[in-house]
Protein chains: 2
Amino acid sequence: MKKKTTIYDIAAKLGLTAATVSRALNNNVKISLNTRKLVLETALEMNYEQNKLALALKSGKSYNVGVIVPRIDSNFFSSVIRGIEEELYPKGYHVIICQTHNQENLEIEKINSLLNVQVDGILMSISNANLENDKGFNKLIRNKRTPLIFFDRKKNIKGVSSVTVDDFKGGYEATKHLIEQGCRRIAHLSNDRKFEIFNNRFLGYKKALSDNGIEFDESLVIETQSNVLDGRRAARLLLDMETPPDAIFSSSDFAALGAIQEIKESGFNIPEDMCVVGFSNEPFTRFMELTTITTVDQFPLDMGRKAAQVFLEEVGNTEDTKTTQNIVLTPELIVRRSSSKKWKD
Amino acid sequence: MKKKTTIYDIAAKLGLTAATVSRALNNNVKISLNTRKLVLETALEMNYEQNKLALALKSGKSYNVGVIVPRIDSNFFSSVIRGIEEELYPKGYHVIICQTHNQENLEIEKINSLLNVQVDGILMSISNANLENDKGFNKLIRNKRTPLIFFDRKKNIKGVSSVTVDDFKGGYEATKHLIEQGCRRIAHLSNDRKFEIFNNRFLGYKKALSDNGIEFDESLVIETQSNVLDGRRAARLLLDMETPPDAIFSSSDFAALGAIQEIKESGFNIPEDMCVVGFSNEPFTRFMELTTITTVDQFPLDMGRKAAQVFLEEVGNTEDTKTTQNIVLTPELIVRRSSSKKWKD
DNA sequence: CATTAGGTTGTAATCGATTGCAATTTAGGC
DNA sequence: GCCTAAATTGCAATCGATTACAACCTAATG
């Protein structure tokens with residue numbers, strides 16, 4: 001187990017100083033061509049590799065960024081991360097992953113943990129709906145020296161940039177589409193509306209209704225977790241109503257899938273008896289056999305890339321007059337069979 | 001933009017030395033109770049946080065591990081990563097993600113890049129089937145000071161531990177199951193057999209055939225990429241044969257899905273006319289409406305956890321007599337409708 | 001009262017690389 | 001042959017924390 005070679009080893013071997021070796025390796029300074037060549041050759045031959053830790057300590061830049069997500073094993077988040085990684089790696093950055101599992105207390109812990117390892121920035125999707133009230137978080141914001149960027153699940157906090165999708169538009173388009181299909185009694189599977197994303201989808205839904213002269217009915221809105229089982233539960237509730245709805249706009253693909261299962265098993269047809277629209281364009285929505293699911297694509301890869309770009313701008317921006325950016329991507333409704341009464345292949 | 005407080009700041013404020021402060025913060029050494037208390041209080045009040053970079057440089061441990069995968073936005077790999085992260089975070093480690101996109105040249109680049117940032121270990125799933133012939137990789141192995149652990153796609157390399165699933169058994173069980181369903185002419189959608197995982201699935205398939213007195217037919221084995229389109233293409237080839245098979249064992253869920261689509265669209269029924277088994281237990285295999293897909297679960301979460309555990313053992317093992325571990329998880333056949341002729345809900 | 005042991009704290013080197021400033025060498029001009 | 005300026009290279013501090021060793025102080029003991 002040999003030790004790694006350092007610039008001191010090279011210097012010793014050549015009867016030079018570490019300073020000279022360092023300069024020779026970094027090309028820029030005035031070093032004679034001879035020594036430069038000599039150093040470069042020796043470095044190669046001794047398998048020298050720069051220790052980025054030492055560099056990071058000296059320069060104050062670790063070239064690491066932290067990414068915090070509720071979980072990584074969902075297509076949406078792993079796609080965002082993929083986008084971030086692809087954008088940042090060519091610039092010399094590495095991506096450190098943290099999961100919160102939606103546990104609010106873990107979120108601050110992970111932020112602090114990332115700051116401790118001196119990340120140059122943090123990109124995160126919020127798990128804690130009350131994040132802005134957290135003491136630790138506020139401290140972080142106030143002594144802001146590390147760029148923080150929200151994606152998807154954000155909070156409106158002064159000085160914090162964000163990259164999101166236009167959830168209002170997504171909700172609006174989805175609902176409008178259902179109305180165009182002839183649906184008049186449209187239910188909505190919402191989620192914790194303390195999160196902007198869910199609230200905005202809800203608001204888009206509501207606006208589309210009113211724009212089309214349909215009265216909003218509170219009883220048709222059900223708060224649902226983003227999973228199959230909760231989607232079933234919600235659908236059951238709706239089907240058991242005196243006047244069941246003729247369509248469901250779900251803020252989650254997983255809940256939409258659960259709803260579809262429950263509806264079908266209750267003997268109803270989709271889309272004839274009930275149209276369904278999901279949200280996120282999860283891979284399985286395309287893979288359904290009979291009832292491919294209409295959904296809203298959020299372009300997570302682009303979201304990751306954009307978030308990374310915002311980070312790069314902020315980290316390159318040394319002035320204190322940092323401009324906060326709130327980038328909003330445009331979602332796209334993808335119409336499939338679950339909501340399309342005149343669907344044909 | 002305040003600077004971070006260091007132990008020197010604390011020392012200065014208290015008229016002490018950084019050494020004393022350091023010791024006080026690290027509890028263990030002989031420091032008078034008074035100073036210890038004083039230091040702790042001042043540290044809290046000044047918002048002191050240990051700079052892990054400095055610590056890493058001093059101790060030679062970065063508490064970062066690198067994970068290299070072909071891509072992160074697939075359920076299998078993101079689940080493995082989830083397992084790794086969950087296992088290592090409580091031990092103080094952070095996980096750095098790298099993707100290779102199956103580009104062979106990128107693999108070595110990423111390894112070197114991770115070594116440069118002084119990761120304490122690398123966990124990887126191989127993209128390059130010829131990795132062991134690569135010069136850079138060999139160098140890495142020879143001056144081994146950073147634990148390297150393979151998961152899923154491994155190579156048999158002396159001194160390198162691995163965590164894999166028993167692909168042979170997976171292939172064997174899948175094929176045996178098809179035989180038990182009455183199938184006699186079983187095709188296999190293979191993949192690049194330079195990778196152990198695909199070769200072992202193939203060998204398991206072959207063994208199950210011979211154990212049951214079925215002759216192996218080379219023409220029923222088709223090399224297929226792990227995606228839907230290629231699965232369709234392969235199924236087309238099989239359907240166009242003079243004597244088409246009565247079952248398909250695919251080494252990929254995605255290819256299995258493509259095959260199912262092609263088969264159904266050609267007017268055949270599954271499982272009556274053709275049984276299909278996939279591999280990986282991707283989420284969508286469970287979500288299919290008519291034909292949920294029989295598949296083999298590889299327990300990626302466990303794989304990640306185990307790989308992380310092996311890393312922890314190796315990194316804690318200072319002796320040079322490091323024992324190489326080759327952990328093999330047992331896969332589980334999950335029978336669903338696509339292969340089960342007497343299926344009932 | 002002097003010696004000594006034990007308890008505390010300081011000194012300085014270390015990890016590996018960078019960089020302002022000083023020192024040295026070299027070349028060129030007269 | 002001498003002086004000056006330019007070209008190279010060395011010196012030493014720095015980033016923040018740890019730690020072996022030395023130094024100091026205090027109090028107890030003979």
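Naming: A, B, ... by sequence-line order, numbering from 1 per chain.
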Donor-acceptor pair, side chain of [X] and main chain of [Y], under 3.5 angstrom:
X	Y	result
A:D73	B:S78	no
B:S113	B:E109	no
A:T42	A:I10	no

What is the distance, to the nearest angstrom, from the [atom1] atom on [X] to the [atom2] atom on [N]?
X	N	atom1	atom2	value
A:I31	D:dG10	CD1	C1'	10 Å
A:L33	D:dT9	CG	C1'	15 Å
A:N34	C:dT26	CG	P	12 Å
A:K61	C:dA17	NZ	C1'	17 Å

In plain terms, say whether A:K110 and B:E85 are close enough for a salt bridge, that is, a side-chain N and a carboxylate O under 4.0 Å apart.
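Answer for the salt bridge query: yes.
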Return no unless some side-chain N or O of B:S32 is found under 4.0 Å from OP1 or OP2 of C:dG7.
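No.
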Checking side-chain contact (heavy atoms from CB on, under 4.5 Å) against B:V39, which of B:L44, B:T20, B:L25 comes through?
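Of all the options given, the one that passes is B:L25.
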Modelled atom types, side-chain donor and acceptor of A:E104 and A:N130, under 3.5 Å:
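No donor-acceptor contact under 3.5 Å links the two side chains.
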Distance alone, cut at 3.5 Å: any donor-acceptor contact between the side chains of B:S127 and B:T100?
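A donor-acceptor contact under 3.5 Å links the two side chains.
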Contact check, side chains of B:M124 and B:I111, non-hydrogen atoms, under 4.5 Å
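Result yes, sub-4.5 Å side-chain heavy-atom pair found.
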When you measure from every atom of DNA chain C, which of residues 110-118 of chain A have a heavy atom less than 4.0 Å away?
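Within residues 110-118 of chain A, no residue comes under 4.0 Å of DNA chain C.
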Where along nucleotides 11-19 of chain D does protein come under 4.0 Å, by heavy atom, of base (B) or sugar-phosphate alone (S), with - for untouched nucleotides?
BB-BBBBBB
